[in-house]
Number of protein chains: 2
Amino acid sequence: MNHIQVKIEINPDLYLKNPDSSELGRKIVNQSITMINELGFETFTFKKLGLKIESPESSIYRYFENKHSLLVYLVSWYWSWTEYRLAFATTNIVSPKERIIKAIEILTKPVLIDNSFSYINEVLLSEIIFSESIKAYHTKNVDEENKKGFFKAYKNVVKRISNIILELKPDYVFPNMLISTVIEGAHQQHFFTNHIPSLTDKVNDDNSIPTFYTELIFNILK
Amino acid sequence: MNHIQVKIEINPDLYLKNPDSSELGRKIVNQSITMINELGFETFTFKKLGLKIESPESSIYRYFENKHSLLVYLVSWYWSWTEYRLAFATTNIVSPKERIIKAIEILTKPVLIDNSFSYINEVLLSEIIFSESIKAYHTKNVDEENKKGFFKAYKNVVKRISNIILELKPDYVFPNMLISTVIEGAHQQHFFTNHIPSLTDKVNDDNSIPTFYTELIFNILK
DNA sequence: GCAAAATTGATAGTAATACTATTATATTTG
DNA sequence: CAAATATAATAGTATTACTATCAATTTTGC
């Protein structure tokens with residue numbers, strides 16, 4: 001994967017000017033990822049970002065309508081990239097069981113190695129997804145933004161995996177519910193582990209969240 | 001349940017002045033529930049609430065530090081009340097299976113009938129919980145607030161149900177993860193049904209979310 | 001029943017946020 | 001190299017999230 005340069009396609013409605021098309025745009029995306037991680041999404045502002053990249057706030061507004069749009073952009077980027085990772089990891093594997101196992105691993109573990117894209121740190125981006133992505137759609141404008149296709153990449157991932165579920169259990173009626181529960185659940189359990197540990201379980205095993213969700217899926221499938 | 005007046009105890013750190021102790025306090029809580037439902041949490045402000053209850057914004061600040069604290073108060077109230085509902089619904093039932101079924105129903109269905117507390121509309125409050133409660137802990141100050149016990153009521157509920165899980169499967173290592181996944185998952189699936197339906201499953205059955213989570217639990221337990 | 005204490009109302013004010021607008025200066029590109 | 005485009009520098013506005021002050025009202029304790 002390291003040496004193949006893949007271009008992640010982003011819905012143009014997610015930005016005012018493509019950040020991928022200029023030095024400044026790439027700096028905005030790159031530094032916003034670091035800053036959102038450092039400050040948390042609510043404390044992060046375009047003013048602070050402007051100071052960091054030494055460009056005026058108003059220049060950032062030429063790329064993104066506001067910080068919410070930037071978050072939606074990042075989330076969308078992550079899911080497009082993850083769909084590519086999933087395709088790559090599961091292709092040529094005949095057994096649907098094996099494919100599910102690989103997929104669940106990709107969906108429930110934060111990214112640990114940053115290797116493919118120059119100006120996007122995937123490790124930090126995945127941390128944002130795990131801790132902040134829910135804020136991208138938990139807003140008053142969900143319906144409108146959903147209509148505009150802002151969550152398409154995420155939906156594609158859910159669909160792709162629920163199709164594997166249906167290969168194994170064609171009559172199963174809740175494949176999407178199952179997969180979105182697993183994805184969102186894994187994000188939340190990571191958050192709980194770090195912040196409200198009594199809502200989760202401490203096991204002498206760093207892999208307990210993927211283990212839990214893999215078991216959960218196979219219990220339902222059998 | 002209708003005629004028993006139960007007092008819900010709230011951690012005094014959750015307010016500056018007990019809203020239950022005065023007319024104004026009760027009005028603040030009562031009207032904030034309506035307004036958060038109407039406007040969504042981010043659009044809701046103390047200024048707007050003040051206009052509605054015809055009291056100055058500054059008076060509201062004498063009860064709650066800010067709107068975040070008010071949300072945490074409401075969430076805490078809901079979970080204390082729900083622990084009482086759970087205790088009431090499961091007491092005297094010998095079979096842990098039966099108790100789990102009752103509990104999952106209470107945790108995964110929004111409240112439909114408002115009957116017990118005078119100035120708190122439980123139907124509207126439950127809607128807030130389903131759509132906004134995640135915002136109560138997904139903040140930069142979780143750790144600090146968790147230390148102060150702000151999420152105690154929620155944790156108690158999770159613990160109570162995971163204890164029933166352990167009755168049925170004493171060696172199960174992920175009881176808390178299972179229950180918090182079910183609770184949070186049910187909230188999210190309701191949100192998805194209303195706003196991003198392709199992340200969930202449309203079944204000709206209004207009860208599909210409780211059904212899904214009940215099946216999920218019994219699949220794991222067997 | 002009344003003085004003291006506590007609560008609320010009315011009003012003003014501040015710092016930060018989330019933008020929008022304008023114009024000059026740089027940079028790119030046909 | 002001129003024209004178009006992008007960026008910098010700066011200013012300004014409405015709203016939010018508070019804090020402060022003091023007068024009016026209500027509650028309470030003797």
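Below, chain A is the first sequence line, B the second, and so on; all start at residue 1.
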Asker: Can you check the E65(B) CD to dC18(D) P distance for me, whole Å?
Answerer: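 Computing the E65(B):CD to dC18(D):P distance gives 8 Å.
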Asker: Does dA18(C) have OP1 or OP2 under 4.0 Å away from a side-chain N or O of K67(A)?
Answerer: yes
Asker: In whole angstrom, what separates M35(B)'s CE from dT16(D)'s P?
Answerer: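 Value for this atom pair: 11 Å.
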Asker: Check every strand shown and say whether E42(A) touches a base, only sugar-phosphate, or nothing at a heavy-atom separation below 4.0 Å.
Answerer: nothing
Asker: Donor-acceptor pairs under 3.5 Å, side chain of residues 10-17 of chain B to any protein atom, not counting sequence neighbours: which ones?
Answerer:
unit_1 : atom_1 : unit_2  : atom_2 : d
N11(B) : OD1    : D13(B)  : N      : 2.8
N11(B) : ND2    : K148(B) : O      : 3.2

Asker: Shortest non-hydrogen contact from F212(A) to L178(B)?
Answerer: CZ-CA, 3.6 Å
Asker: Just report the end-to-end axis angle for the helix from dG1(C)-dC30(D) to dG30(C)-dC1(D), five pairs per end, to 10 degrees.
Answerer: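 Between the first-five-pair axis and the last-five-pair axis there is 30°.
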Asker: So what does Y61(A) touch, heavy atoms closer than 4.0 Å: a base, only the sugar-phosphate, or nothing?
Answerer: base
Asker: Could you tell me whether K67(A) sits above the aromatic face of F41(A), with NZ or CZ closer than 6.0 angstrom to the six-membered ring centre and within 45 degrees of the axis?
Answerer: yes
Asker: Whole angstroms only, please: what is the CG-P distance between L71(A) and dA18(C)?
Answerer: 13 Å
Asker: Nearest whole Å is fine: how far is dC18(D) P from L49(B) CG?
Answerer: 14 Å
Asker: Are any side-chain N or O atoms of K109(B) and backbone N or O atoms of N207(B), one a donor and one an acceptor, separated by less than 3.5 Å?
Answerer: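 Such a contact is absent between K109(B) side chain and N207(B) backbone.
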Asker: Using atom NZ of K27(B) as one end and atom C1' of dT8(C) as the other, report the distance to the nearest whole Å.
Answerer: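 Those two atoms, NZ and C1', are 11 Å apart.
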Asker: Under the salt bridge (charged side-chain N to carboxylate O under 4.0 Å, His left out) test, which residues partner E145(A), sequence neighbours left out?
Answerer: none
Asker: Using the ring-ring contact (aromatic ring centres under 6.0 Å, His included) criterion, which residues pair with F151(B)? Sequence neighbours excluded.
Answerer: none
Asker: Using a cut-off of under 3.5 Å, enumerate the N/O to N/O pairs linking the protein to nucleotides 6-10 of chain D.
Answerer:
unit_1  : atom_1 : unit_2 : atom_2 : d
dA6(D)  : OP1    : K17(A) : NZ     : 3.4
dT7(D)  : OP1    : Y63(A) : OH     : 3.0
dT7(D)  : OP2    : Y63(A) : OH     : 3.1
dA8(D)  : OP1    : S55(A) : OG     : 3.2
dA8(D)  : OP2    : S55(A) : OG     : 2.9
dA8(D)  : OP2    : S59(A) : OG     : 3.4
dT10(D) : O4     : S58(A) : OG     : 3.4

Asker: Rounded off to whole Å, could you give me the CG-to-P distance for the L51(A) and dT17(C) pair?
Answerer: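 Answer to the nearest Å: 11 Å.
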Asker: How about I128(B) and L71(B): do any of their side-chain heavy atoms sit closer than 4.5 Å?
Answerer: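 When only atoms from C-beta onward are counted, L71(B) and I128(B) do touch, with a gap below 4.5 Å.
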Asker: What's the CG-P distance between L16(B) and dA6(C), to the nearest Å?
Answerer: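 Going from L16(B) (CG) to dA6(C) (P), I get 17 Å.
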Asker: To the nearest angstrom, how far is N66(B) atom CG from dA16(C) atom P?
Answerer: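 Nearest whole value for this atom pair: 17 Å.
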Asker: I'd like to check the salt bridge (charged side-chain N to carboxylate O under 4.0 Å, His left out) partners of E54(A); sequence neighbours left out, ordered by chain and number.
Answerer: none
Asker: Kindly say whether S69(B) contributes a backbone atom to a donor-acceptor pair with the side chain of N66(B) at under 3.5 angstrom?
Answerer: yes
